[in-house]
Each structure stands twice: as structure tokens, then as C-alpha cells.
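Below you'll find the structure I mean.
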Amino acid sequence: MNYIELSVEITPIEIGREIVVAELAEIGFESFDDFDRGVNAYIQEQVFNKDLLSEISIFKNEEFKVNYNIKLIEDKNWNEVWEKSFEPINVNNQCYIRAPFHEVRNDIKYNIEIEPKMSFGTGHHETTHLMIEELLKMEVEGKKVLDMGCGTGVLAILTEMKKASSICAIDIDEWAYENTLENVSRNNCKKIEVLKGGAELIGNKMFNIIVANINRNILLNDMKTYIDNLEECGDLLLSGFFSSDKEILLIEAEKYNIYLVNENSKNDWTLLHLKKK
């Protein structure tokens with residue numbers, strides 16, 4: 001599967017980058033990677049419509065200076081690319097995320113081996129790191145877990161290592177679906193069901209813990225579904241959004257029988273830990 005990379009440089013960057021991500025997500029861009037002058041955005045080649053870029057208001061806003069380039073990223077040996085660039089991640093000396101060519105850290109409780117392909121969720125991004133930190137603090141043993149927007153499957157894998165009773169991992173992206181299957185096998189996981197699609201696949205299943213590391217618009221659209229499928233006193237962890245989007249997500253959450261337990265931020269990104277009453 002080929003992807004389109006849209007590389008956007010923007011000034012002023014602080015608020016500009018947040019607006020760019022929000023607007024590109026509206027037209028189908030599914031993952032984002034910050035760099036010092038802006039953001040790289042990715043969309044499947046088959047769904048990319050260049051004409052829709054003309055509808056991005058910030059590109060026409062005279063208060064911002066914007067330059068962007070479009071590049072085709074052809075299907076390739078992502079494992080080779082990964083090996084050249086990946087460094088292992090150590091989260092609080094409790095969780096170690098590594099590639100197959102790294103040594104196991106026997107002094108760290110949870111060792112997760114990941115091959116990423118094009119999937120989001122290696123632990124390098126702030127939102128995945130925030131999710132891992134929060135899960136490490138939680139009681140997971142015996143719980144039913146849903147990982148929405150599972151990416152590489154790293155969060156689902158961690159919950160199995162923490163003795164969750166069952167885990168459902170869902171992602172709409174073909175790369176993520178295939179990659180999660182591979183990583184589930186690589187980590188000898190037995191309790192993770194991997195599905196390709198969106199929130200419609202949840203059906204009438206109920207969960208004790210739901211983690212959703214997705215962009216703001218999907219979180220807003222699907223929050224009621226998450227909460228409807230959350231057991232009483234269940235935990236909902238949301239991330240994948242900029243800190244400036246926290247209030248709009250909390251306003252949406254207040255419509256339902258759920259309250260804020262904890263929040264954490266890393267750079268411009270935030271995690272919300274909500275609990276059902």
C-alpha cells in the first residue's frame with residue numbers, strides 16, 4: 001500500500017500546527033509526525049484528493065506563512081527503514097519497547113518487541129508514551145480491554161502482559177491491522193483479538209478498560225460508543241490530541257455518565273483518564 005506524505009512548514013508554529021492537524025484530519029489524513037518547523041501528515045494514496053487541499057483554510061490565512069510539499073511513499077521494506085532509525089524506548093524503567101535486533105532488558109518487567117511497518121504506536125510519540133505510563137499505574141489483571149486505533153498493537157500487548165483476561169484491538173488501517181497481527185504473534189500473545197475497521201466493530205461487547213489513541217475528531221464522534229460499551233466503574237483513556245483540544249473533549253464527555261480521574265501532558269499532547277460512574 002502506498003501513502004502520500006504531506007510535509008507542512010508553518011509560522012507561527014505553535015497554534016498553526018494544531019490547526020493544520022485538525023483540518024487535515026477532516027479530509028482523511030490519518031497520522032501525523034511533528035518536526036521542528038511543522039508537521040508531516042500521511043494518507044493512503046487511494047483516498048488522497050489533492051483538490052481538497054484548497055479547502056484548508058489555514059493555507060489561505062494571511063496570518064500564517066505556510067509551505068507544503070507532497071511526496072509519494074511507495075510500499076517498501078519498512079523493517080529495513082525501521083532498523084536504520086529505531087532506538088528502544090524505556091518508559092519509567094517498567095516497560096521497554098524494542099526492535100528484534102535490540103537486546104532484551106531483563107531488569108525491566110515488560111519487554112515488548114515491535115516491528116512497526118507504517119503503523120503508529122512505537123512509544124516514540126508522546127501520546128503512546130502517555131498511554132503506556134497510565135496503563136502501568138492501573139490494575140489491569142482480569143479486565144476486558146479494548147484498544148481502539150491500535151497501530152502497532154503495543155498497548156494491547158502491554159495489557160496482556162499485565163494479565164488482562166481478554167483484549168480486542170481494532171484499527172481501520174490495513175498496515176496497522178497486519179502489523180498488530182504480526183506483533184501479537186511476535187510477543188506470544190494469546191488473548192488479543194485483532195479486527196480491521198472502525199467503532200462499528202465494537203457491537204454490543206462490554207469492556208472494563210478502553211484505550212483510544214486517535215485524533216480529536218474520531219474521539220468526539222465515537223465517544224458515546226466507547227462509553228456505551230464501558231462497564232460500570234470502567235476506565236476510558238483518551239489521547240492522540242493536542243492539549244488545546246482537551247476542553248472540547250471534556251465538554252463532550254460531560255454529556256455522559258463519566259468523570260475525569262487524571263490527566264497528563266507531554267509537550268503539546270494530552271491524555272485524559274475518565275471513569276464511568
Side-chain angles (χ1 to χ4, degrees), residues 25-26 28 30-31 44 47 119-121 127-128 130-132 134-135 138-185 189-241 245 248-261 271-277:
E26 291 278 3
E30 61 190 51
S31 59
Q44 296 177 31
V47 299
S119 303
F120 177 85
T127 58
T128 311
L130 288 166
M131 281 287 198
I132 292 170
E134 197 69 15
L135 285 169
M138 293 172 60
E139 179 57 54
V140 176
E141 184 172 357
K143 302 290 180 68
K144 295 174 291 184
V145 177
L146 171 63
D147 181 3
M148 278 303 302
C150 55
T152 62
V154 65
L155 300 179
I157 292 165
L158 175 60
T159 62
E160 174 155 339
M161 290 181 173
K162 293 198 71 180
K163 300 182 180 180
S165 62
S166 64
I167 306 104
C168 181
I170 299 176
D171 204 297
I172 199 166
D173 180 70
E174 180 71 26
W175 277 107
Y177 169 72
E178 293 179 358
N179 192 208
T180 296
L181 285 172
E182 178 182 344
N183 290 326
V184 163
S185 176
C189 294
K190 308 299 182 186
K191 299 178 180 178
I192 300 174
E193 177 188 24
V194 185
L195 303 175
K196 180 179 178 292
E200 73 281 354
L201 296 179
I202 299 173
N204 59 2
K205 298 176 184 176
M206 298 298 290
F207 301 93
N208 306 110
I209 300 172
I210 297 177
V211 297
N213 191 14
I214 321 178
N215 70 60
R216 182 198 73 165
N217 295 328
I218 295 177
L219 294 177
L220 288 170
N221 185 69
D222 293 345
M223 192 180 300
K224 182 179 186 301
T225 300
Y226 302 153
I227 296 168
D228 285 346
N229 292 84
L230 194 62
E231 299 277 10
E232 274 187 34
C233 300
D235 296 279
L236 174 61
L237 274 58
L238 304 178
S239 197
F241 56 90
D245 293 322
I248 192 172
L249 285 161
L250 287 174
I251 289 169
E252 180 66 20
E254 285 173 3
K255 297 177 183 177
Y256 312 106
N257 198 28
I258 199 160
Y259 62 96
L260 182 65
V261 173
L271 169 139
L272 297 175
H273 181 166
L274 304 162
K275 185 174 279 288
K276 192 169 184 178
K277 295 178 181 178

Report task. Could you pull out the closest heavy-atom pair between A176 and D173, with the gap in Å? Result ->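 Result for this residue pair: N-OD2, 3.0 Å.
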Report task. Going by the side chain to side chain contact (heavy atoms under 4.5 Å, CB included) test, name the single residue among I167, L146, V145 that passes it with I209. Result ->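 Result for side chain to side chain contact (heavy atoms under 4.5 Å, CB included) with I209: V145.
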Query raised in the report: When D235 is tested against each of K275, K276, K144 for salt bridge (Lys or Arg N to Asp or Glu O under 4.0 Å), which residue passes?
Result: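 So the option named by the test is K275.
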Report task. Kindly compute the distance separating CG (D147) from CG (L155), expressed to the nearest 0.5 Å. Result ->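 With rounding to 0.5 Å, CG (D147) is 5.0 Å from CG (L155).
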Query - From CA spacing to verdict: side chain to side chain contact (heavy atoms under 4.5 Å, CB included), N257, I227 - result: CA-CA 8 Å; N257 198 28; I227 296 168; 5.7 Å; no
Query raised in the report: Which atoms form the tightest heavy-atom contact between T152 and N183, and what is the distance?
Result: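 Result for this residue pair: O-ND2, 3.0 Å.
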Requested in this report: Dump the intermediate steps for side chain to side chain contact (heavy atoms under 4.5 Å, CB included) on L274 and L250, then the final yes or no.
Outcome: CA-CA 9 Å; L274 304 162; L250 287 174; 4.1 Å; yes
Query raised in the report: Is a side-chain N or O of E231 found less than 3.5 angstrom from the main chain of C233, in a donor-acceptor match?
Result: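 Not a single qualifying donor-acceptor pair exists.
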Query raised in the report: What are the two closest heavy atoms between T180 and C150, and how far apart are they?
Result: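 Scanning both residues completely, I find the closest heavy atoms to be OG1-SG, 3.4 Å.
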Query raised in the report: Hey, what do you get for CD1 (I251) to CG (L220), rounding to the nearest 0.5 Å?
Result: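 The CD1 atom of I251 sits 10.0 Å away from the CG atom of L220.
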Query raised in the report: So does L181 have more than 12 non-hydrogen atoms from other groups sitting under 6.0 Å from CG?
Result: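 Atom CG in L181 is crowded, with more than 12 foreign heavy atoms closer than 6.0 Å.
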Query raised in the report: Hey, are the side chains of K143 and T159 touching, using non-hydrogen atoms and a 4.5 Å cut-off?
Result: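 Of all side-chain heavy-atom pairs linking T159 with K143, none is under 4.5 Å.
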Query raised in the report: Can M148 and I202 be said to form a side chain to side chain contact (heavy atoms under 4.5 Å, CB included), step by step?
Result: CA-CA 9 Å; M148 278 303 302; I202 299 173; 4.1 Å; yes
Query raised in the report: What distance separates D228 CG from N204 CG, expressed to the nearest 0.5 Å?
Result: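 Atom-to-atom, D228:CG and N204:CG are 11.5 Å apart.
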Report task. Look at atom NZ of K205 and say whether more than 12 heavy atoms of other residues, nucleotides or ligands are closer to it than 6.0 Å. Result ->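 Result for NZ/K205: enclosed.
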**Report entry** Distance in Å, L238 CG paired with M131 CE, rounded so as to fall on 0.5 Å steps
**Finding:**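 Nearest 0.5 Å value for the CG-CE distance: 6.5 Å.
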Query raised in the report: Would you say the side-chain atoms of T127 and N213 include a donor-acceptor pair closer than 3.5 Å?
Result: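 On atom types as modelled, these side chains qualify, holding a pair under 3.5 Å.
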Report task. Flag the pair K196 and E174 as a salt bridge only when some basic side-chain nitrogen lies within less than 4.0 angstrom of an acidic carboxylate oxygen. Result ->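 Yes, charged N to carboxylate O under 4.0 Å.
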Query raised in the report: Which atom pair, heavy atoms only, marks the closest approach of G151 to D171?
Result: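 Minimum heavy-atom separation between G151 and D171: N-OD2, 3.0 Å.
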Query raised in the report: With no hydrogens and no angle check, is any side-chain donor or acceptor of S185 less than 3.5 Å from a backbone partner on E182?
Result: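 It does not hold such a pair.
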Report task. Working to the nearest 0.5 Å, report the span between CG of D222 and CG of N217. Result ->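 Going from CG on D222 over to CG on N217, the span is 10.5 Å.
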Query raised in the report: Less than 4.5 Å apart, any side-chain heavy atom of L237 and any of S239?
Result: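 No, every pair of side-chain atoms sits at 4.5 Å or beyond.
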Report task. Tell me, yes or no, whether the heavy-atom count around E200 atom CD, taken from other residues, nucleotides or ligands under 6.0 Å, exceeds 12. Result ->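 Correct, the count exceeds 12.
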Requested in this report: Decide yes or no for V154 and L158: does some side-chain heavy atom of the first lie under 4.5 Å from some side-chain heavy atom of the second?
Outcome: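 Sidechains of L158 and V154: no contact.
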**Report entry** Smallest separation among heavy atoms of M223 and L249, with atom names
**Finding:**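 Taking M223 first and L249 second, the nearest heavy atoms are CE-O, 3.6 Å.
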Query - Contact summary for K190 and E160, nearest pair of heavy atoms - result: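 Closest heavy-atom pair between K190 and E160: N-OE2, 2.7 Å.
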Requested in this report: State the CD1-CD distance between I258 and E252, to the nearest 0.5 angstrom.
Outcome: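 The distance works out to 11.0 Å.
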